[in-house]
Novice: 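Following this message is one structure expressed as structure tokens.
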Amino acid sequence: MDIKYLKGVGEKRADAFKKIGINKLEDFLKFIPRSYINKILIKDIQKYNDTNVIVSGRIIDIAYPGKVNHPLRIFLNDGTGSTEIPIFGRSEFRSKQFQLDDEFAFWGKITEGFYTTRFQLSYRDHLKINKNIKSENDFLKFPLIPVYELQGALKKTWIKPLLLSKIVYHAFLTLIESNSIIETIPASVLTQGNYISKKDAIIKINFPKDFEDVETARRRLAFEELFYLELILALKKRNIKKEQKGISFTKSIDKLIESFNSTLDFELTQAQKRVMNEIFKDMNSNHVMNRLLQGDVGSGKTIVSLFAMLVSVENGYQSALMCPTELLAEQHFKTVSEFIQKFNNVSGSNHKVVLLVGGQKKKFREELLYDIKNGKTHFIVGTHALIQEKVEFNNLGFVVIDEQHKFGVMQRAKLKEKGFNPDVLVMTATPIPRTLSLTYYGDLDVSVIDELPKNRKKIKTVLRTENDKPKIFEFVKDEIKKGRQVYIVYPLIDESEKLDLKSAEENYIKLKEGIFKNYNIGMVHGRILSYEKDEQMQAFKEGKIEILVSTTVIEVGIDIPNATIMIVEEAQRFGLSQLHQLRGRVGRGAEQSYCILVGKNLDEISRKRLNILCATTDGFKIAEEDLKIRGPGEFFGIRQSGILNFSCTDLNKDQDILMTARSIAFKMIEDDPHLRKPENEVVKKEFFRNYKDSLYLMKIA
Ligand code: ADP
Ligand code: MG
């Protein structure tokens, strides 16, 4: 049936629905109520004071406004009592709209009466009831009326919330009457997880008798979302493991480990050693490695990845390391170069390291590209410049992606394509709550460095205000006297780079000419030229600069152990995980470090958030809190992944559902990778209907 024939729709509104992707009746299944409003009898009105309700009845009186600013007052009777509904504005139009004896449903908030009745309804929306076709407004008979989000094109039409509820009701009614709500989960799985049928879930979530109904239905629909997600992940993982023959790095590492260790000037932690083993096992085998390396800031991931890159190079392949910022790429380039130089001396090898970033001189760049293509260079460190078309590798065998959460999924894939099934290690210091890592990184194997190097002291974190600035600056001077160094970070205001620049730049000048005029103070931000950035960072690293003013460009990865104070201005503007990252720039050496969060006009919630950071340095705890406060999309910085846009799933409370969905889905794919068994037919069909993009996974599974 064309949706234009649905009650309340018609040609024009059907077009609006089409614009938001609702083309056929079945598409209405995507509508999930945003909230529910009590449908009440007017006699009970006082019980619902100060809440939103819906009432329906007959207009028994209308009082027209005497003055311009006064409302039109409608008196509505539903057989149990009457109430007053004042409606402000457009009074001439309104008086035509509402006629005596007409029947209406009204949605509004109950407030203490101002005019004649004790309680009245402050108007939000209305719907005219056709007296002759009562069944048309059957949806008003439910105790809870679903309210749906008016998305995109719908907002520009005459579709209002109550009308939308009515349209959706009729769509569902038709679907149910024609038996067209198709089951998507095999019966055995429903029983196993104790979930209700799709049809029941749709009825219960849209027309519940109470909130228990809503929750039962929501859990079932969340299960469906997570189940299909996990099926896709299971298929992906299987494909990676099964079909792609990867490189096996077979050269013995006994000697390598010896020279590696003698090049280091510290001893590896147990966790680092364990993870290096896990990685090597994968590299040694002939399936393609896809591994996520998680470890809190400062846990020493770089050196682990360097070991793995070295394994690849020692086997005659190239290794690439991709970073999200130039600053970090430059730093890693230095670390890797210095290390490899020492390593070459110890082991008598001749490995070469290059840096590939944007903005390098054309001729120089061409030489770099030539050497990469011809295999003259072995370690290639860079930004996303690495994944540009022109870059060709000789034999890329190993790929590391640092601070993976700053990249999109596509970028990971692109770098990988530069080689022939290279092994991939992605690293992140944003500790990912388990619920998220299972969904977002579900097709990866995970290694965790859960131990910090021994020499670390706990960073002291405090929350201060603008008024404390003089004291803070005195403290800064004391620390500098002891030979330490300081970061001062300013926020990105309104995501606008210009403003961002202004706040850091202005404050830089203020500090340089004011309180710190006898000190060496430098600045880096996103728009400074790369050689200048380089100079500043180098000067800071060598201790020639004592105070570095910056924006969030230093957020990830930067490693300068002598810096012991991190001051974050307007800390309330940052996400908790971001602050944790920034804090991770200090506390990297043996000295006591400090993180000073300066808050401005803090409200209750901001204060609470920032206090979490003062109370713990455990990145996982902080991430969990951050996730709760901001939701998964924000958590990853950008809404980069369609995968996390659930309608019914709430990752904060659906951990149990996720675990069930995951184990059932993975088992199903293991037993029946092409979904050929009759009992899995339901799933296969659903793939054809709603997950077409992922069908290819099944064919090669
Ligand atoms: P992250 O995991 O945040 O990327 P890095 O790899 O930058 O951390 O390491 C942080 C600092 O700790 C670096 O200066 C590094 O040289 C040092 N480091 C790494 N491993 C150890 C260790 N086992 N003992 C002491 N210092 C270490
Ligand atoms: Mg790092």
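These numbers come from a predicted model, not from an experiment. Note that ligands are numbered from 1 as they come in the structure, with each ligand's atoms numbered from 1 the same way. For the numbers below, each heavy atom of this structure counts, side chains included, while hydrogens, waters and symmetry mates do not. Residue indices begin at 1 and follow the sequence shown.
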Novice: Could you check whether Phe260 and Phe307 have their ring centres less than 6.0 Å apart?
Specialist: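 Centroid distance Phe307-Phe260: below 6.0 Å, so yes.
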Novice: Please write down residue, atom name and distance for the protein heavy atom closest to atom 20 (N) of ligand 1.
Specialist: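 Sorting protein heavy atoms by distance from atom 20 (N) of ligand 1 puts Gln272 NE2, 3.0 Å first.
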Novice: Does the residue Met427 have a heavy-atom contact with ligand 1, meaning some pair of atoms that are separated by less than 4.0 Å?
Specialist: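 The answer is no: ligand 1 sits nowhere under 4.0 Å from a heavy atom of Met427.
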Novice: Please list, in number order, the atoms of ligand 1 under 4.0 Å from a heavy atom of Thr269.
Specialist: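 So the atoms of ligand 1 that pass are 23 (N).
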Novice: What's the shortest distance from atom 2 (O) of ligand 1 to any protein heavy atom, and which residue and atom give it?
Specialist: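 Looking only at protein heavy atoms, the one closest to atom 2 (O) of ligand 1 is Lys301 NZ, 2.8 Å.
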Novice: Between the candidates Thr302, Leu268, Thr335, Val304, which shows the shortest non-hydrogen contact distance to atom 6 (O) of ligand 1?
Specialist: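 That would be Thr302.
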Novice: Give me the residue, atom name and distance of the protein heavy atom closest to atom 13 (C) of ligand 1.
Specialist: Asp559 OD2, 2.9 Å
Novice: What atoms of ligand 1 come closer than 4.0 angstrom to any heavy atom of Arg588?
Specialist: 3 (O), 5 (P), 7 (O), 8 (O), 9 (O), 10 (C), 11 (C)
Novice: Is it true that the side chains of Glu278 and Ser447 contain a donor and an acceptor less than 3.5 Å apart?
Specialist: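 Looking only at side-chain atoms, Ser447 and Glu278 do form a donor-acceptor pair, the distance falling under 3.5 Å.
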Novice: If you measure from atom 3 (O) of ligand 1 to every heavy atom of Gly298, Ser299, Ala271, which option wins on shortest distance?
Specialist: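 Ranked by closest heavy atom to atom 3 (O) of ligand 1, first place is Gly298.
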Novice: How about Phe379 and Phe333: are their ring centroids closer than 6.0 Å?
Specialist: no
Novice: Looking at ligand 1, does Lys273 have a heavy atom less than 4.0 Å from it?
Specialist: no
Novice: Output the list of atoms in ligand 1 that are nearer than 4.0 Å to some heavy atom of Glu267, sorted by atom number.
Specialist: 22 (C), 23 (N), 24 (N)
Novice: Identify the closest protein heavy atom to atom 9 (O) of ligand 1: which residue and atom is it, and at what distance?
Specialist: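 Among all protein heavy atoms, the one nearest atom 9 (O) of ligand 1 is Gly300 CA, 3.6 Å.
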Novice: Hey, which atoms in ligand 1 end up nearer than 4.0 Å to a heavy atom of Val297?
Specialist: 3 (O)
Novice: Would you call the rings of Phe339 and Phe343 parallel, tilted or perpendicular, where under 30° means parallel and over 60° means perpendicular?
Specialist: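 Geometry flag for Phe343 against Phe339: parallel rings.
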Novice: Closer than 4.0 angstrom, basic N to acidic O: yes or no for Lys482 and Glu479?
Specialist: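 Salt bridge between Lys482 and Glu479, a charged N being under 4.0 Å from a carboxylate O: yes.
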Novice: Got a salt bridge between Arg274 and Asp450, using NZ or NE/NH1/NH2 to carboxylate O under 4.0 Å?
Specialist: yes
Novice: Taking the six-membered ring for Trp and the single ring otherwise, decide whether the centroids of Phe280 and Phe249 are under 6.0 Å apart.
Specialist: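 Ring centres of Phe249 and Phe280 not closer than 6.0 Å.
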Novice: Between Tyr490 and Tyr508 (judged by ring centroids, cut-off 6.0 Å), do the two rings come close enough to count as a pair?
Specialist: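 No, they do not, as the ring centres are separated by 6.0 Å or more.
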Novice: Stepwise, does the side-chain contact (heavy atoms from CB on, under 4.5 Å) test hold for Ile303 with Gln272?
Specialist: CA-CA 9 Å; Ile303 202 71; Gln272 283 171 317; 3.4 Å; yes
Novice: Determine whether the side chain, the backbone, both or neither of Arg456 has a heavy atom under 4.0 Å from any heavy atom of ligand 1.
Specialist: side chain
Novice: Tell me, which protein residue and heavy-atom name are nearest atom 21 (C) of ligand 1, and how many Å apart are they?
Specialist: Phe266 CE1, 3.2 Å
